[in-house]
Amino acid sequence: MENENLIRCGWCTSSDLYKKYHDEEWGVPVYDDPTLFEFLILETFQAGLSWITILNKRENFRNAFDHFDYKKIAHYSEDKIEELMQNTGIIRNKLKIKAAVSNAQAFMKVQEEFGSFSDYIWKYTNGKPIINNLKTSKDAPATTPLSDEISKDLKKRGFKFVGSTVIYAHMQATGMINDHAEDCWKRSQ
């Protein structure tokens with residue numbers, strides 16, 4: 001992998017896949033609804049598991065869930081849910097699979113109300129990333145009062161598996177929060 005001598009956040013150094021994700025995606029501000037939805041689904045499946053598990057299965061998820069097309073997912077039938085339960089390439093948790101369907105429905109309701117999910121979620125940070133000053137990636141919190149607030153509001157809107165930890169991770173992944181460590185090369189990007 002190129003850029004092998006770069007200093008990165010400590011959590012991503014165990015595999016090339018992790019490094020690639022860190023270098024190209026994590027913490028980059030995302031304003032388009034399809035990508036925000038993809039990360040929301042991946043983060044909800046990650047609950048209780050390691051992120052590398054999800055990254056390793058990401059392409060399988062993409063194929064199994066119609067490339068994260070929330071309009072299609074919102075209409076998944078019981079037969080489709082059962083089909084997903086048989087798919088060994090994804091996390092086969094029925095509650096999480098059903099949550100993907102109800103979250104797609106709730107996602108579209110938010111779009112109707114706010115014009116886009118992006119407008120809704122980014123209003124919490126006035127459309128700009130929050131830049132934290134972390135000595136190391138271990139200094140990043142699991143939750144914040146802001147992730148608590150967003151989680152609570154999403155739950156009120158019918159979203160599932162959106163606890164504060166999941167939402168904080170989503171905020172990190174989609175660049176709402178810059179939690180790159182101070183010596184990480186991506187910090188100032």
Side-chain angles (χ1 to χ4, degrees), residues 15 17-18 20-21 24-124 142-143 146-177:
S15 77
L17 182 61
Y18 243 176
K20 180 175 172 41
Y21 170 70
E24 296 175 10
E25 292 184 88
W26 192 75
V28 176
V30 173
Y31 295 96
D32 68 281
D33 279 7
T35 306
L36 287 167
F37 182 75
E38 175 179 349
F39 276 111
L40 185 65
I41 293 301
L42 293 174
E43 294 292 352
T44 60
F45 273 93
Q46 188 262 331
L49 303 169
S50 69
W51 184 242
I52 193 65
T53 299
I54 300 304
L55 280 181
N56 283 326
K57 294 177 178 280
R58 188 177 190 181
E59 285 307 311
N60 296 334
F61 272 105
R62 185 171 278 132
N63 292 327
F65 283 89
D66 291 295
H67 299 274
F68 302 107
D69 183 336
Y70 50 86
K71 292 175 184 168
K72 286 184 181 176
I73 295 169
H75 298 289
Y76 278 3
S77 64
E78 282 300 320
D79 286 346
K80 177 65 175 181
I81 290 168
E82 283 307 315
E83 176 190 313
L84 290 167
M85 283 297 295
Q86 303 310 311
N87 187 332
T88 57
I90 65 168
I91 306 301
R92 295 180 295 169
N93 178 309
K94 193 164 196 166
L95 292 175
K96 290 180 180 180
I97 292 170
K98 285 185 167 212
V101 176
S102 62
N103 286 352
Q105 295 163 354
F107 190 87
M108 291 191 301
K109 285 180 185 162
V110 167
Q111 288 179 315
E112 287 172 23
E113 183 178 344
F114 292 89
S116 71
F117 186 82
S118 180
D119 287 346
Y120 161 77
I121 199 80
W122 279 95
K123 75 179 173 64
Y124 286 100
T143 65
L146 181 57
S147 65
D148 294 346
E149 179 185 347
I150 296 171
S151 169
K152 186 177 178 184
D153 192 64
L154 286 170
K155 288 176 183 176
K156 239 177 27 187
R157 296 174 181 280
F159 286 84
K160 310 264 188 273
F161 286 95
V162 290
S164 190
T165 303
V166 167
I167 294 309
Y168 193 79
H170 185 263
M171 293 169 74
Q172 289 174 309
T174 60
M176 289 178 70
I177 294 172

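All of these numbers come straight from a predicted model, not from anything done at the bench.
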Next item on the list: Answer yes or no: is there a donor N or O on one side and an acceptor on the other, between the side chain of Lys160 and the main chain of Lys98, under 3.5 Å?
Entry: no
Checklist line | Nearest-0.5 Å distance, CZ of residue Arg157 to CD of residue Gln105 | finding: 16.0 Å
Item checked: Arg58 vs Glu25, salt bridge (Lys or Arg N to Asp or Glu O under 4.0 Å): CA-CA, chis, key distance, verdict -> CA-CA 13 Å; Arg58 188 177 190 181; Glu25 292 184 88; 2.7 Å; yes
Notebook entry, point to check: Tell me, do Val166 and Gln46 make a side-chain contact under 4.5 Å, heavy atoms counted?
Noted result: no
Notebook entry, point to check: Between Glu59 and Arg62, does at least one N-O distance fall below 4.0 Å, as a salt bridge requires?
Noted result: yes
Notebook entry, point to check: For Phe107 and Phe117, what are the C-alpha separation, side-chain angles and deciding distance, and is it a ring pair (Phe, Tyr, Trp, His ring centres under 6.0 Å)?
Noted result: CA-CA 7 Å; Phe107 190 87; Phe117 186 82; 4.5 Å; yes
Check: Any idea which heavy atoms bring Met108 and Ala74 closest together, and the distance?
Finding: CE-CB, 3.3 Å
Check: So, for Ser151 and Val162, which heavy atoms are closest and what is the spacing to 0.1 Å?
Finding: OG-O, 2.6 Å
Notebook entry, point to check: Where is the tightest heavy-atom contact between Ser147 and Ile167, given as atom of each residue plus distance?
Noted result: O-CG2, 4.0 Å
Margin query: One pair to check against side-chain contact (heavy atoms from CB on, under 4.5 Å): Phe159 and Val110. What are the steps and the verdict?
Written below: CA-CA 10 Å; Phe159 286 84; Val110 167; 3.9 Å; yes
Next item on the list: Kindly compute the distance separating CD1 (Ile91) from CG (Leu84), expressed to the nearest 0.5 Å.
Entry: 12.5 Å
Next item on the list: Search all heavy atoms of Ser102 against all heavy atoms of Gly158 and return the closest pair with its distance.
Entry: OG-O, 4.5 Å
Checklist line | Ile52 CD1 to Ile54 CD1 distance, which is reported to the nearest 0.5 Å | finding: 10.5 Å
Notebook entry, point to check: Just by distance, do the side chain of His170 and the backbone of Met176 share a donor-acceptor pair under 3.5 Å?
Noted result: no
Check: For Phe45, which residues count as a ring pair (Phe, Tyr, Trp, His ring centres under 6.0 Å) partner, sequence neighbours excluded?
Finding: Phe61, Phe65
Check: How long is the gap from CD on Glu149 to OG on Ser164, to the nearest 0.5 Å?
Finding: 10.5 Å
Next item on the list: Search all heavy atoms of Ser118 against all heavy atoms of Asp33 and return the closest pair with its distance.
Entry: N-OD1, 2.8 Å
Item checked: Any donor-acceptor N or O pair under 3.5 Å, side chains Asp153, Tyr120 -> yes
Margin query: Any non-hydrogen side-chain atom of Leu154 less than 4.5 Å from a side-chain atom of Asn103?
Written below: no
Margin query: Rounded to the nearest 0.5 Å, what separates atom CH2 in Trp122 from atom CE in Met171?
Written below: 8.5 Å
Item checked: Exam field: side chain Trp51 to backbone Glu43, donor-acceptor pair closer than 3.5 Å -> no
Check: So which heavy atom on His67 is nearest to which on Asn63, and how close?
Finding: CE1-OD1, 3.7 Å
Next item on the list: Test Ile90 against every option in Asn87, Thr88, Asn93 by the side chain to side chain contact (heavy atoms under 4.5 Å, CB included) rule and name the one that passes.
Entry: Asn87
Note to self: So for atom NZ, which belongs to Lys156, do other residues, nucleotides or ligands contribute more than 12 heavy atoms lying within a distance under 6.0 Å?
What the structure shows: no
Next item on the list: With sequence neighbours left out, write down each residue that passes salt bridge (Lys or Arg N to Asp or Glu O under 4.0 Å) with Lys80, or none if nothing qualifies.
Entry: Glu83
Note to self: Side chains of Thr35 and Thr174, heavy atoms from C-beta outward: is any pair under 4.5 Å?
What the structure shows: no
Check: In Å and rounded to the nearest 0.5 Å, what is the OG1 to CG distance from Thr44 to Leu95?
Finding: 11.5 Å
